[in-house]
Structure formats: C-alpha cells, structure tokens
Amino acid sequence: MDIKGSLRFLILAILDREPSHGYRIRQTIHDLSNGVLHFTEGTLYPTLGKMREEGLIEEMPPVDGPSNRRYYQLTDDGRQLLADERVAWKRFVLAVNTVVRAEPPPE
C-alpha cells in the first residue's frame, strides 16, 4: 500500500458510498477524519482527472440545472481496485500495529 497515494484510496471509498463531485469528496474526507485529512484543490482535481483517465472513475451525465459540477462514480475497475486496496490497507495497519505494540528486545 502506497501511503503517499492514499488520496486515490480515499476517493474510491467515498465514491463507493454514492456518486459525488470534487468539492463534496474533499469535504467528506475532511469531515469524516475530524479535520485530520485535508487535500487542496490543486491536489484533488488532478487526482480525479488521472483516475478518470485510468478508468477507475467516470463522469456522470450532467443533471438538469445550472450546476457546472462534475459528478463522478466508480467503474468496475475502480470497485476492484478499492477491494484490493482495502485488503492491502488491513495488512498495512496490522503490520504497523504489530511493530508499535511490540515489546522491546531484551538487553
């Protein structure tokens, strides 16, 4: 699991709940993490664009109304990557917790 690439994982997890637009994705990550996780627009939107190019997410057809917001949803490839990343994340957390909780070696 690439921790530096965690934004992609978080975006996939948010979009697994429901389709959303960039600002709401950013706010949801911020709110659910109690403000610990926050990403600038300059980081979020290029990541969304790259994920779209990679076929992990897709833009939904525009909804009626004057909104210029782009709504995104997961593709099948995005769902599969999310499932794989969840397994990798659990392994990562277990490994870190094991190291952190480990007794120091006897001297």
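Numbering of residues begins at 1 and proceeds along the displayed sequence. FYI, side chains are in, hydrogens and waters are out, and symmetry mates aren't considered; it's all heavy atoms of this structure.
- If you take CZ on Arg69 and OG on Ser20, they are separated by 9.0 Å, rounding to the nearest 0.5 Å.
- With hydrogens and angles disregarded, a donor-acceptor distance shorter than 3.5 Å links the side chain of Thr75 to the backbone of Gly55.
- In Asn97, the CG atom is crowded: over 12 heavy atoms of neighbouring residues, nucleotides or ligands sit closer than 6.0 Å.
- Between atom CZ of residue Arg24 and atom CG of residue Asp31 there is a gap of 12.0 Å, rounded to the nearest 0.5 Å.
- Using modelled atom types, no side-chain atom of Ser6 and backbone atom of Phe9 make a donor-acceptor pair closer than 3.5 Å.
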Please evaluate residues Phe39 and Thr47 with respect to the criterion side chain to side chain contact (heavy atoms under 4.5 Å, CB included), reporting the C-alpha separation (whole Å), side-chain torsions for both, the decisive distance (0.1 Å), and the verdict.
CA-CA 11 Å; Phe39 299 93; Thr47 302; over 6 Å; no
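- Tested against Leu74 for a side-chain contact (heavy atoms from CB on, under 4.5 Å), the candidates Leu56, Leu15, Ile14, Ile11 yield a single pass: Leu15.
- Arg91 CZ: 12 or fewer foreign heavy atoms inside a 6.0 Å radius.
- Connection of Ile29 to Val36 is established within a shared hydrophobic cluster, with ILVMFWY side chains joined at heavy-atom distances below 4.5 Å, either directly or through further cluster members.
- Without hydrogens or angle criteria, Arg70 side chain to Gly22 main chain gives no donor-acceptor distance under 3.5 Å.
- Atoms CD and CZ, from Glu59 and Arg52 in turn, are 5.0 Å apart once rounded to the nearest 0.5 Å.
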Checking Gln80 against Asp76 for the side chain to side chain donor-acceptor pair (under 3.5 Å) test, could you report, in this order, the C-alpha distance in whole Å, the side-chain angles of both residues, the deciding distance, and whether it holds?
CA-CA 6 Å; Gln80 182 59 55; Asp76 289 340; over 6 Å; no
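- Residues Met51 and Tyr23 share a single hydrophobic cluster, defined by chaining ILVMFWY side chains whose heavy atoms lie under 4.5 Å apart.
- Here the CD atom belonging to Gln27 is positioned 10.0 Å from the NE2 atom belonging to His21, to the nearest 0.5 angstrom.
- A continuous path of ILVMFWY side-chain contacts below 4.5 Å connects Val100 to Val93, so both sit in one hydrophobic cluster.
- Atom CZ of Arg17 sits about 7.5 Å away from atom OG1 of Thr28, to the nearest 0.5 Å.
- Of the listed residues (Ile25, Leu48, Leu37, Thr43), just one forms a side-chain contact (heavy atoms from CB on, under 4.5 Å) with Leu7, and that residue is Thr43.
- Interatomic distance, CD of Glu18 versus OH of Tyr71, reported as 9.0 Å (0.5 Å rounding).
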